[in-house]
Every structure is written in structure tokens, then in C-alpha cells.
Amino acid sequence: MAYWLMKSEPEAYSWEQLVKDGSTEWDGVRNNAARLHLKAMVPGDQALFYHSGDARAVVGIMEISRGPQADGADGQWVSVQVKPVAPLAKPVTLKEMKAEPRLAEMQMIRQSRLSVSPVTDAEWAVLTGLAKG
DNA sequence: GCCAACGTTGGC
DNA sequence: GCCAACGTTGGC
């Protein structure tokens, strides 16, 4: 099983909204690197939900509930379906992540604009550990 | 409000 | 095919 990190501005679509909705289509991604990550997703994979903008923290864990399908008329882009698994007991802020040496190589730290990025098993363990406080 | 990073567009 | 200009994202 693979791990991912997906970001959204809470003003656009928040974790709370996802919980309310029960699941959502993660669409509108129009970046090639992010597209490749979406295409690599398999149902059952887990993903961190990161709030960008003012919040700047990982707030919850999602599961990929359906693999990639075409997003848009030209078939060039894809979306996946996600559902919430659990909120983090304690959100992990970007500041904490940057202060943690074991997360220094995280793709989202190295390339902050990338909206969908892979997370290694080790990084996942560290991050969920931080979330327990 | 500013700026860095990065992607895209368009002229050549 | 190159590269300057421009737009967008996201952190500070």
C-alpha cells in the first residue's frame, strides 16, 4: 500500500467538509507531476489531508476509495475518489514538519507547490507519530 | 504585501 | 527549440 499527501485550501475544500460529505472526488488537478501521482493511486492507499494557506497543517487521514478516472473532456487529466479515515489527534503543522529532520526529504517540503505528492513509509510513521503528541 | 518556485505561453 | 514574460501557488 502506498502513502500520499494531498493539499487543499480549507476555504476551497476542507477536511471538515470531507467528513460531512463522507467522500469526495479529488478533481481539478492540472499539474503534470501531480497527475502522475494520481494515476499511480490504488484503492486502499492512504493519504494525508493537508490544509494550505492560513492553516498550514496536516489535519487528517484519508483513504483512496476509487482509483483514477478521466477528469475533464479531453481525457488528459484524472481524478480519484477519497474518503476520510480519521482526523489526527493533533494536527501536525508545517512548522513542526520543517523542524523534524526525518521529514526534511519529504516531497511536499522540497517542492511546496506540488498539490499531490508521495509519502514514504518512514515519513508516514514519523508524521503519524507527531500527530499523537 | 512580497517573493521564490515553477509551469505555461508565445515570439523568434 | 530556446527563452523571456507572465501567471499561479503557497509560504513568510
Side-chain angles (χ1 to χ4, degrees):
Chain A
M1 181 187 58
Y3 295 118
W4 309 95
L5 181 145
M6 300 162 87
K7 55 170 69 170
S8 174
E9 290 196 45
E11 292 78 13
Y13 193 83
S14 67
W15 167 260
E16 289 75 18
Q17 189 63 46
L18 175 62
V19 170
K20 201 174 296 180
D21 291 346
S23 73
T24 198
E25 194 68 22
W26 203 278
D27 56 12
V29 173
R30 294 293 182 270
N31 170 280
N32 189 56
R35 178 174 67 99
L36 292 175
H37 297 317
L38 287 178
K39 290 185 82 166
M41 290 182 181
V42 174
D45 283 359
Q46 294 203 316
L48 301 168
F49 191 121
Y50 175 83
H51 277 166
S52 61
D54 290 341
R56 268 166 289 151
V58 175
V59 293
I61 296 174
M62 306 186 281
E63 179 181 322
I64 309 304
S65 48
R66 197 216 61 242
Q69 71 176 26
D71 173 23
D74 60 9
Q76 184 188 356
W77 303 102
V78 297
S79 62
V80 299
Q81 192 180 63
V82 299
K83 66 179 183 185
V85 172
L88 297 189
K90 186 176 78 67
V92 178
T93 64
L94 180 62
K95 197 176 171 184
E96 291 175 275
M97 294 167 71
K98 286 195 164 176
E100 170 51 70
R102 289 171 295 171
L103 297 180
E105 300 299 312
M106 267 187 83
Q107 185 113 27
M108 77 89 59
I109 297 292
R110 297 172 67 104
Q111 195 179 343
S112 67
R113 286 187 54 198
L114 189 56
S115 62
V116 180
S117 58
V119 176
T120 67
D121 290 6
E123 290 161 352
W124 184 274
V126 169
L127 208 139
T128 52
L130 289 176
K132 286 167 187 161

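Just so it is clear, the structure is predicted and the values come from calculations on it, not from any experiment. Per chain, numbering begins at 1; letters A, B, ... match sequence-line order.
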Query raised in the report: Can you tell if the side chain of A:S79 reaches within under 4.5 Å of the side chain of A:W77, non-hydrogen atoms only?
Result: no

Query raised in the report: Would you say A:Q69 and A:Q81 make side-chain contact, with heavy atoms under 4.5 Å?
Result: no

Query raised in the report: With a 4.0 Å cut-off on heavy atoms, is A:N31 in touch with a base, just the backbone sugar-phosphate, or nothing at all?
Result: sugar-phosphate

Query raised in the report: Can you find a heavy atom in the side chain of A:V78 that is under 4.5 Å from one in the side chain of A:M41?
Result: no

Requested in this report: Kindly write out the residues that satisfy ring-ring contact (aromatic ring centres under 6.0 Å, His included) with A:W124, not counting sequence neighbours, or none if the list is empty.
Outcome: A:Y3

Requested in this report: Ignoring backbone atoms, establish whether A:Y50 has a side-chain N or O less than 4.0 Å from OP1 or OP2 of C:dG11.
Outcome: yes

Query raised in the report: Do A:R35 and A:L38 touch side chain to side chain, with heavy atoms closer than 4.5 Å?
Result: no

Report summary line: Residues in residues 93-112 of chain A with a heavy atom under 4.0 Å of DNA chain B, by number, are A:Q111

Requested in this report: Would you please test A:Q17 and A:S14 for side chain to side chain donor-acceptor pair (under 3.5 Å) and show each step?
Outcome: CA-CA 5 Å; A:Q17 189 63 46; A:S14 67; 5.2 Å; no

List every contact pair, protein side and nucleotides 2-8 of chain C side both N or O, where the distance is under 3.5 Å.
from: C:dT8; atom 1: O2; to: A:R113; atom 2: NH2; distance (Å): 3.1

Requested in this report: State the CH2-CZ distance between A:W26 and A:R66, to the nearest 0.5 angstrom.
Outcome: 14.0 Å

Requested in this report: Start with the C-alpha gap between A:R102 and A:E123, add the side-chain angles, then the distance that decides, and say whether salt bridge (Lys or Arg N to Asp or Glu O under 4.0 Å) holds.
Outcome: CA-CA 7 Å; A:R102 289 171 295 171; A:E123 290 161 352; over 6 Å; no

